[in-house]
Protein chains: 2
Amino acid sequence: MAETKHQRTEPQYELLYHPSIPGRGEFVRLMFEAAGVSYADVANDNPPDDSGPNGYGLVQAISSPDSTGDDDGNPPAFAPPALRIRGAGKDGKALVIHQTPNLLLYLGGPLKLAGSDEPEKYYVNQLALTALDLNNETHDTHHPVAVAKYYEDQKDEALKKATDFRENRLPKFLSYFERVLKHNQASGKGKYLVGESLTYADLTLWQVIDGLKFAFPNEMRHRSSESPLLFDHFYPSLKNEAWMKKYLNSKRRKPYSMGVFRHYPELDRQ
Amino acid sequence: MAETKHQRTEPQYELLYHPSIPGRGEFVRLMFEAAGVSYADVANDNPPDDSGPNGYGLVQAISSPDSTGDDDGNPPAFAPPALRIRGAGKDGKALVIHQTPNLLLYLGGPLKLAGSDEPEKYYVNQLALTALDLNNETHDTHHPVAVAKYYEDQKDEALKKATDFRENRLPKFLSYFERVLKHNQASGKGKYLVGESLTYADLTLWQVIDGLKFAFPNEMRHRSSESPLLFDHFYPSLKNEAWMKKYLNSKRRKPYSMGVFRHYPELDRQ
């Protein structure tokens with residue numbers, strides 16, 4: 001059927017992000033995977049050696065330092081990830097939006113991952129924002145001075161930053177999420193941060209915890225007993241969901257490498 | 001009239017934030033001021049030497065490191081600012097939410113500062129998020145290693161961070177917002193980032209530019225010719241709005257001091 005083929009080859013949602021790394025695109029991917037909704041991962045789906053257009057070229061175009069917007073009337077994006085949604089823009093054109101928390105907010109409604117009422121919608125949003133702050137602070141442990149320079153050129157500062165992160169910032173965040181799980185324990189059973197079912201707050205936090213376990217394995221092992229709901233209930237129960245296991249074993253899940261989450265043993269607890 | 005008095009002494013919206021500094025609370029204050037909607041600024045309105053309760057004590061309680069939530073069923077907050085909205089929570093109780101972008105998002109609808117349709121709602125949100133990223137990067141220029149330590153204890157790193165900020169990050173952000181203004185020039189006339197009227201994206205960006213002019217006066221003067229819409233149209237036109245002039249001259253507007261925006265001459269362009 002032509003309609004089915006069209007839907008399969010041109011999904012409604014297209015993720016525009018760097019190829020080969022989980023990065024900030026991963027928070028968006030997890031929402032689609034959890035909801036079982038198909039999406040195009042433009043750069044990963046269209047490598048430069050393929051016969052079609054270079055997917056990463058399309059990603060770079062939307063945040064080009066010269067762009068004043070696209071042909072559909074969308075303003076320029078500051079940086080990937082961005083999301084293109086067919087038919088959702090002005091006059092039925094494509095809508096292109098950016099900023100990770102904005103993408104999660106946008107998708108939360110249609111993918112039914114934003115809680116069950118208005119208060120929960122804002123609880124979910126604030127928790128995702130807080131998990132993304134932790135994500136950003138993790139990034140800064142290896143790039144405390146200049147995002148565009150090499151880690152090796154700011155290693156002394158990174159050692160200081162990572163020490164402060166492990167000793168002060170990380171435990172503050174972990175304690176916070178543990179207390180949110182405790183607050184919601186009657187409804188969420190330690191599995192969900194808000195209400196009785198999965199939201200994008202859970203997915204976002206899960207991804208950050210997973211990345212931290214890769215980047216700071218010693219520190220995270222040491223901290224696990226301080227936050228039992230988080231480490232013994234929340235993290236493993238989401239990891240063992242059928243859709244998650246399938247996704248983690250797929251080629252769509254990219255390995256951690258030189259993105260936000262990097263394993264530099266010298267930055268971890270010794 | 002009792003009802004009027006009740007409304008005056010107990011506004012629907014209460015901002016919970018540190019006293020005496022603009023900080024991240026300022027983005028919320030500007031929304032209320034622009035909309036002409038009354039709000040309580042709990043810590044500033046109730047100083048510790050006053051006869052009533054210590055307002056800052058109430059602020060600290062909601063993000064206490066032991067809190068698992070409040071008596072109205074709200075989860076704990078990670079950090080101020082937070083917003084309490086009477087009657088907006090579950091079962092007509094108070095809703096308490098946190099995370100600056102979440103507060104702006106929440107208020108955008110009722111204060112009519114979130115654009116005129118669904119696409120604009122997400123454009124506004126992504127621009128406010130990007131301006132808040134610039135706010136955070138500004139903060140990190142004087143605290144690149146440890147947020148809880150003194151500037152003087154991380155001054156060498158701050159000099160490096162501020163140099164990268166001035167040379168690479170700041171111009172990237174300024175160029176971006178200039179291009180957004182250009183994209184929207186037919187509708188916004190260089191005065192508004194999205195559509196034909198004021199949104200919280202404008203207010204958020206304005207506050208960050210204003211703070212940067214205080215913190216990095218030389219650098220901002222040097223950069224102003226590169227972004228003429230931003231510096232010659234957007235910034236002054238909003239500063240000259242009647243409500244803004246009134247607000248900036250009021251005691252509700254706090255001076256910059258030891259918050260996000262600090263003027264350390266050694267970090268500025270020499």
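Reminder, nothing fancy here: chain letters follow the sequence lines and each chain counts from 1.
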**Message:** Among B:L193, B:T141, B:D66, B:N74, which residue has the highest count of heavy-atom pairs closer than 4.5 Å to chain A?
**Reply:** B:N74
**Request:** Would you please indicate yes or no on a ring centroid separation below 6.0 angstrom for B:Y13 and B:Y39?
**Result:** no
**Prompt:** Which of parallel (below 30°), tilted (30 to 60°) and perpendicular (above 60°) describes A:Y264 and A:H142?
**Reply:** perpendicular
**Message:** Out of B:N184, B:N125, B:L103, return the one with the most heavy atom pairs under 4.5 angstrom to chain A.
**Reply:** B:N125
**Request:** May I ask you to name which of B:L105, B:L127, B:D133 has the most heavy-atom pairs under 4.5 Å with chain A?
**Result:** B:L105
**Prompt:** Salt bridge check: are B:K189 and B:E196 linked by an N-O gap of less than 4.0 Å?
**Reply:** no
**Item:** Per-residue contact mode, B:L95 against chain A (heavy atom under 4.5 angstrom)
**Value:** side chain
**Message:** Need one label for B:T163: side chain, backbone, both or neither, based on atoms under 4.5 Å from any heavy atom in chain A.
**Reply:** neither
**Prompt:** At a heavy-atom separation under 4.5 Å, does B:S175 approach chain A through its side chain, its backbone, both, or neither?
**Reply:** side chain
**Asked** Among A:E118, A:K149, A:E120, which residue forms the greatest number of heavy-atom pairs with chain B at distances under 4.5 Å?
**Response** A:E120
**Message:** Shorter than 4.5 Å, heavy atoms on both sides: which option in A:H98, A:K182, A:K160 has the most such pairs with chain B?
**Reply:** A:H98
**Item:** 4.5 Å side-chain heavy-atom contact, B:L132 and B:L104
**Value:** yes
**Asked** Side chain, backbone, both or neither: which part of B:V96 has an atom under 4.5 Å from a heavy atom of chain A?
**Response** backbone
**Complete:** Closest non-hydrogen atoms of A:S64 and B:R179, given as atom of the first, atom of the second and distance, are O-NH1, 3.3 Å
**Request:** Determine, for A:D117 against B:K90, whether the closest basic-nitrogen to carboxylate-oxygen distance falls under 4.0 angstrom.
**Result:** yes
**Prompt:** Is the A:Y176 ring parallel, tilted or perpendicular to the B:F78 ring (thresholds 30°, 60°)?
**Reply:** perpendicular
**Prompt:** Is it the side chain or the backbone of B:D156 that comes within 4.5 Å of chain A heavy atoms, both, or neither?
**Reply:** neither
**Message:** I'd like to verify something: which residue of A:A77, A:A79, A:A88, A:S63 has the highest number of heavy-atom pairs under 4.5 Å with chain B?
**Reply:** A:A77
**Asked** Which answer fits B:F165, side chain, backbone, both or neither, if we ask what part of it has an atom under 4.5 Å from a heavy atom of chain A?
**Response** neither
**Asked** Do the charged groups of A:E157 and B:K161 touch, with an N to O distance under 4.0 Å?
**Response** no
**Asked** Do B:E152 and B:K155 meet the salt-bridge criterion of a basic N to acidic O distance under 4.0 Å?
**Response** no
**Request:** Measure centre to centre between the rings of A:W206 and A:F234, then say whether the value is under 6.0 Å.
**Result:** no
**Request:** Please state whether the side chain, the backbone, both or neither of B:N136 comes within less than 4.5 Å of a heavy atom of chain A.
**Result:** neither
**Message:** Tell me which of these, A:A162, A:P101, A:G73, A:P76, has more heavy-atom pairs under 4.5 Å with chain B than the rest.
**Reply:** A:P76
**Item:** Choice from B:A148, B:G69, B:G89, B:S67 maximising heavy atom contacts with chain A below 4.5 Å
**Value:** B:S67
